[in-house]
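Numbers restart at 1 for each chain; the letters A, B, ... are given by sequence-line order, proteins then strands.
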2 protein chains.
Amino acid sequence: MISDIDRFDETPKFLQIVKIITTKIDEEVWLPHEMIPTERAFCEELNVSRTTIRRAIEKLSDMFYLYRVQGKGTFVCPKELREFRKTSGMGFREHALKRGQVPSQKILSLEYVPLTAKVRTRLCLGETETRVHKFVRLFYLDAKLDSLNTSYLVLPEGETITVDELEETGSLYSLLRKKYHYIPYITCQESTAMKASEKVASYLELEVGYPVTYIEGVVWTLEHKVMEYVEIYRGDRTIPHQSMNVGGSL
Amino acid sequence: MISDIDRFDETPKFLQIVKIITTKIDEEVWLPHEMIPTERAFCEELNVSRTTIRRAIEKLSDMFYLYRVQGKGTFVCPKELREFRKTSGMGFREHALKRGQVPSQKILSLEYVPLTAKVRTRLCLGETETRVHKFVRLFYLDAKLDSLNTSYLVLPEGETITVDELEETGSLYSLLRKKYHYIPYITCQESTAMKASEKVASYLELEVGYPVTYIEGVVWTLEHKVMEYVEIYRGDRTIPHQSMNVGGSL
DNA sequence: GAGTGGTCTAGACCACACT
DNA sequence: GTGTGGTCTAGACCACTCG
C-alpha cells in the first residue's frame with residue numbers, strides 16, 4: 001500500500017517519507033481533507049520510529065501538504081494552498097515555467113556603477129565597498145511584455161558577469177548558482193501600487209498614469225549572505241504577484 | 001548565564017527555550033553571526049534532552065533568528081532579516097506601531113454570512129460548514145485613510161465576536177489571540193495593481209481609476225489551522241506592503 | 001476506553017569542519 | 001582526534017476526540 005523506504009539510498013529516511021507522501025498527494029491517491037494513515041500505522045508499515053515519521057509530517061505541514069488535528073488525525077491540505085506554495089518566490093523564470101508560460105528577457109544595460117546610499121543600505125554593505133553590478137532588463141511572458149527589472153548584484157571581489165554569459169544561461173539565478181554557488185533562498189520585499197511614470201510607461205508600453213506594481217526586494221543566499229537588491233515595475237496585465245509570509249510573534 | 005526553564009509552567013519546554021533565545025537575541029546579548037552555545041551545552045545548562053533543544057533551534061531557524069552550519073555551530077541571523085520578518089505578516093496594527101504611526105479603524109459591518117465557493121476554498125472548509133464571520137473595516141494611519149479590509153474568520157463552533165469587543169481591544173488579532181489562542185503565523189497572499197473601481201474609490205476617497213493594490217490573503221495559525229481569509233484594497237499613498245518569501249525546493 | 005496527535009527522554013551513530 | 005550539527009531509535013506519558 002505504501003511504498004517502502006530504500007535502505008541503500010543515502011537520503012535521510014524522513015526525506016524519503018516526505019517524497020512518498022507528496023507523491024501520493026500529487027497523484028491524488030490521497031485527496032484534500034482526507035485522513036492519511038496514523039503515525040503509528042506509518043511506523044509499522046515503513047519500519048521506522050515515530051520520531052522519524054513525525055519529522056516528515058512536520059515538514060509536510062510546513063509545505064502545506066498536510067495539516068494535523070489533535071485527537072483526530074492528519075489530513076491532506078486543499079490543493080490551492082499547495083500550489084500556492086510551489087509557485088511562491090521571486091525566480092521569474094521558474095515562476096513562469098511552472099505556470100506553463102514561456103519566459104524571456106531583453107538586457108537593456110549592464111554597468112559597474114558607484115553605490116548609492118539606498119543601494120548600500122539595502123545590500124547591507126560597509127563603507128569599503130564602492131561599486132556594484134547593475135543590470136536593467138525587460139521580462140516577457142509568452143512574448144508579451146511583463147516587467148522592468150533593475151538588479152544590483154554583489155559579486156565576489158574582482159568577479160564580473162558579461163551580457164554574453166547571461167544570454168547563454170537564460171536565467172541570472174542559474175548563472176550565479178553555477179559560477180558562485182549562490183543559492184537564492186530568502187527574499188524580503190516591499191510592494192506598492194503606483195501610476196506609471198513617463199519612463200516606466202515607455203518601457204512597459206503603457207499609457208502614463210496606468211497602474212503598476214512597484215516592488216523592491218532583497219535576495220539572500222542559503223548561507224544568509226545578501227546577493228541582490230532588485231527594483232521591479234509590473235503592469236497590471238501580468239499575473240498576480242504571489243508571496244508567502246512566515247511571521248507572527250511568539 | 002542562561003535563564004532556567006520553569007518546570008511549573010505548562011507551556012512546552014521547547015517553546016520556553018524559544019522564548020529564552022529570542023530574548024537574548026532581541027536584547028543583543030548575542031550578536032549577528034555570533035555563535036551561540038552548542039546543543040550539548042544547552043542540554044546540560046537547561047537539563048533537557050538534545051531532541052528538545054533541537055526542536056527549539058529548528059523553530060528559531062524557521063523564524064530567522066538562527067542558522068546552523070554543520071560541523072561548525074549555530075549562529076545568530078543578521079538583524080535585517082529578523083527585523084524584516086518581524087514587520088512582515090498582515091497584522092495591520094502592529095505593523096503601523098512598529099513604524100511609529102497611529103493605527104485606527106472604522107468597522108463598516110460585521111455579519112454572519114453564508115459561505116461562497118471562493119471563501120470556502122480559501123478557508124479550507126468542508127461541506128459541513130455553512131457560515132463564517134465577515135468583517136468589513138476601513139483602516140487609518142495617523143488618521144489618514146489607508147485601506148479597505150474585508151475579513152472572513154473561522155471561529156470555534158458556536159463562538160462569535162461583537163463589534164464592541166473589537167472596538168475595545170483595538171486589534172482583531174489581539175482579540176483572537178486572547179479569546180481563542182489564535183496566533184497568526186503564516187500568510188499566503190497574491191497582490192496586483194489595479195484601477196480603483198467606483199465602489200473602492202468611494203470607500204478610499206480616491207478618484208475612480210486611481211492605482212490601488214489589491215491583496216488576497218489567507219492567514220494560518222501557529223498550529224497550521226486556517227484562521228482568516230482577507231481581501232484588501234490599498235491606495236498608493238499608503239506605506240508599502242511588505243512580505244518575505246522562503247524558497248528552495250526539497 | 002480506545003485511538004489520535006503532542007511532548008519528551010537518553011541514548012546511538014553519522015557527516016562534516018577544524019587543528 | 002575532537003567537537004559540531006544531522007539522523008534515528010524505542011520507548012514513555014499527556015491532551016484531546018469520539019463512540
Side-chain angles (χ1 to χ4, degrees), chain A residues 4-19 21 33-62 65-77 181 222-224 250, chain B residues 4-19 21 33-62 65-77 126 128 156-158 180-181 183 185 221-225 250:
Chain A
D4 257 350
I5 287 190
D6 183 353
R7 312 222 152 244
F8 301 103
D9 189 341
E10 282 172 16
T11 59
K13 287 187 188 176
F14 81 93
L15 286 182
Q16 289 192 48
I17 296 169
V18 163
K19 183 77 188 145
I21 296 179
H33 298 297
E34 191 180 319
M35 184 176 158
I36 71 166
T38 67
E39 296 174 353
R40 272 97 171 170
F42 271 118
C43 294
E44 270 197 37
E45 188 79 33
L46 298 174
N47 240 303
V48 293
S49 74
R50 192 165 155 232
T51 314
T52 306
I53 287 294
R54 280 187 63 78
R55 185 140 180 226
I57 292 178
E58 193 100 11
K59 184 116 214 139
L60 288 160
S61 300
D62 289 342
Y65 268 83
L66 299 174
Y67 62 96
R68 304 195 263 199
V69 183
Q70 192 176 36
K72 285 187 172 177
T74 303
F75 305 85
V76 178
C77 275
H181 302 290
L222 198 53
E223 286 79 33
H224 291 80
L250 257 149
Chain B
D4 258 350
I5 288 190
D6 182 353
R7 311 224 152 243
F8 302 102
D9 190 340
E10 281 173 16
T11 58
K13 288 187 188 177
F14 80 94
L15 286 183
Q16 289 193 48
I17 297 170
V18 163
K19 185 74 190 147
I21 297 179
H33 298 295
E34 190 180 317
M35 185 175 159
I36 70 166
T38 67
E39 296 175 354
R40 271 98 171 169
F42 271 118
C43 295
E44 270 198 37
E45 188 77 33
L46 298 175
N47 240 303
V48 292
S49 75
R50 192 161 156 233
T51 313
T52 305
I53 287 295
R54 282 187 62 77
R55 187 141 179 227
I57 292 179
E58 193 100 13
K59 185 112 218 141
L60 288 160
S61 301
D62 290 343
Y65 267 83
L66 299 174
Y67 62 98
R68 305 196 262 199
V69 184
Q70 192 176 37
K72 286 188 171 175
T74 303
F75 304 85
V76 178
C77 277
T128 53
E157 188 62 29
Y180 311 118
H181 303 289
I183 300 174
Y185 180 54
T221 67
L222 194 56
E223 287 79 31
H224 291 91
K225 290 193 180 115
L250 259 152

Spacing of [X] atom [atom1] and [Y] atom [atom2] [to the nearest 0.5 Å]:
X       : Y       : atom1 : atom2 : result
A:Lys13 : A:Arg55 : NZ    : CZ    : 13.0 Å
B:Thr38 : B:Glu44 : OG1   : CD    : 9.0 Å
B:Leu46 : B:Ile17 : CG    : CD1   : 5.5 Å
B:Asp62 : A:Asp62 : CG    : CG    : 5.5 Å

(message) Can you build the contact string for nucleotides 11-19 of chain D? Use B for base contact, S for sugar-phosphate-only contact, and - for no protein heavy atom under 4.0 Å.
(response) -B--BBSS-
On a heavy-atom basis, which atom in [X] and which in [Y] lie closest, and how many Å separate them?
X       : Y       : value
B:Arg54 : B:Glu39 : NH1-OE2, 2.8 Å
B:Cys43 : B:Arg50 : SG-CA, 3.4 Å
A:His33 : A:Phe75 : O-CD2, 3.5 Å

Using atom [atom1] of [X] as one end and atom [atom2] of [N] as the other, report the distance to the nearest whole Å.
X       : N      : atom1 : atom2 : value
A:Ile53 : C:dT4  : CD1   : C1'   : 15 Å
A:Asn47 : D:dA10 : CG    : P     : 8 Å
B:Phe14 : C:dT9  : CZ    : P     : 12 Å
A:Arg68 : C:dG3  : CZ    : C1'   : 16 Å
B:Glu44 : D:dG3  : CD    : C1'   : 14 Å
A:Phe42 : C:dT4  : CZ    : C1'   : 14 Å
B:Arg55 : D:dT7  : CZ    : P     : 16 Å
A:Leu66 : C:dG5  : CG    : C1'   : 13 Å

(message) Any side-chain to backbone donor/acceptor pair from A:Glu34 onto A:Val76? Under 3.5 Å, distance only.
(response) no
(message) Quick check for you: among D:dG5, C:dG5, D:dC8, whose closest atom lies nearest to any side-chain atom of B:Thr38?
(response) D:dG5
(request) Could you summarise the pairing of DNA chain C as dot-bracket text, marking Watson-Crick and G-U pairs under 3.5 Å with ( ) or [ ] inside the strand and | across strands? (result) ||||||||||||||||||.
(message) Check the phosphate of C:dG5 against A:Thr74, side-chain N and O only, distance under 4.0 Å to OP1 or OP2. Yes or no?
(response) yes
(message) B:Phe42 and side-chain contact (heavy atoms from CB on, under 4.5 Å): which single residue from B:Val48, B:Ile53, B:Thr52 fits?
(response) B:Ile53
(request) Between B:Ile57 and A:Thr11, name the one whose nearest nucleotide on DNA chain D is closer to the 5' end. (result) B:Ile57
